[in-house]
Amino acid sequence: MTLLSARTQDEAALMLCETAPSVVMIHLSLDDGSPLAVADFANYRRPDARVILLGGGGLMADGSLFAHVGNAHALISGDMPPTDLTALIAFHAGAASMMH
């Protein structure tokens with residue numbers, strides 16, 4: 001796997017234009033820009049990419065977030081162990097590649 005990182009909404013949008021990720025992880029406490037705008041752009045630009053939303057805390061913990069983010073496949077807490085996070089990303093990357 002290759003990890004690419006963007007710190008802002010603009011960087012994320014540019015990255016989605018220049019690459020074709022199978023998984024997009026979006027931290028819901030994005031400092032510069034809107035994480036939901038990034039998710040929306042990912043759904044538009046890379047509809048086959050699976051979106052994992054990280055750090056939800058109490059934000060839409062009832063699951064309503066999935067109604068707003070069309071290609072969201074997981075909403076996980078920010079304190080997930082790195083090995084579990086890696087396994088989750090690998091699983092979704094494999095599942096996304098099987099769709100093609």
Side-chain angles (χ1 to χ4, degrees):
M1 285 190 295
T2 300
L3 173 68
L4 303 173
S5 177
R7 297 242 174 237
T8 68
Q9 178 180 329
D10 290 341
E11 287 177 7
L14 182 60
M15 195 172 295
L16 287 166
C17 289
E18 295 176 346
T19 64
S22 54
V23 177
V24 176
M25 184 169 30
I26 302 170
H27 202 293
L28 290 173
S29 64
L30 184 67
D31 290 333
D32 185 6
S34 167
L36 296 180
V38 173
D40 187 49
F41 189 72
N43 195 28
Y44 166 73
R45 184 70 182 182
R46 302 293 177 200
D48 293 333
R50 291 176 167 233
V51 172
I52 297 174
L53 302 161
L54 176 67
L59 179 68
M60 298 185 198
D62 62 352
S64 63
L65 186 63
F66 293 97
H68 299 285
V69 181
N71 54 350
H73 284 77
L75 173 60
I76 58 174
S77 76
D79 60 356
M80 178 179 266
T83 54
D84 292 347
L85 186 57
T86 302
L88 181 68
I89 293 168
F91 169 79
H92 282 286
S97 68
M98 293 178 73
M99 299 293 291
H100 298 286

- Query: Rounded to the nearest 0.5 Å, how far apart are CZ of Phe91 and CD1 of Ile52?
  - Reply: 10.0 Å
Donor-acceptor contacts, no H, no angles, side chain residues 25-34, under 3.5 Å, sequence neighbours left out:
unit_1, atom_1, unit_2, atom_2, d
His27, ND1, Ser29, N, 3.1
His27, ND1, Ser29, OG, 2.8
Ser34, OG, Leu36, N, 3.3
Ser34, OG, Ala37, N, 3.1

- His92 side chain reached by Ser22 side chain, heavy atoms, under 4.5 Å: no
- Message: Holding to side-chain contact (heavy atoms from CB on, under 4.5 Å), I want the full list of residues that pass it with Ala72, two or more places apart in sequence or in another chain.
- Response: Leu53, Phe66, Val69
- Does Val51 offer a backbone N or O that forms a donor-acceptor pair with the side chain of Asn71 under 3.5 Å? no
- side-chain contact (heavy atoms from CB on, under 4.5 Å) against Pro21, all qualifying residues, sequence neighbours excluded: Leu16, Thr19, Val24, Arg46
- Here the pair of heavy atoms bringing Ala74 nearest to Leu88 is CB-CD2, 4.4 Å
- Query: Residues sharing Leu4's hydrophobic cluster, by side-chain heavy-atom contacts under 4.5 Å among ILVMFWY, directly or via others?
  - Reply: Met15
- Task: Could you pull out all residues at least two apart from Asp84 that satisfy side-chain contact (heavy atoms from CB on, under 4.5 Å)?
- Result: Met80, Pro81
- Task: Keeping to residues at least two apart or across chains, list the side chain to side chain donor-acceptor pair (under 3.5 Å) pairs with something in residues 8-17.
- Result: none
- Message: Set out, in order, the CA-CA distance, both residues' side-chain angles and the distance that settles side chain to side chain contact (heavy atoms under 4.5 Å, CB included) for Val23 and His73, then state yes or no.
- Response: CA-CA 10 Å; Val23 177; His73 284 77; over 6 Å; no
- Side-chain hydrophobic cluster, 4.5 Å single linkage: members besides Leu3: none
- Item | For the student: nearest non-hydrogen atoms of Phe41 and Cys17, plus distance | CZ-SG, 3.7 Å
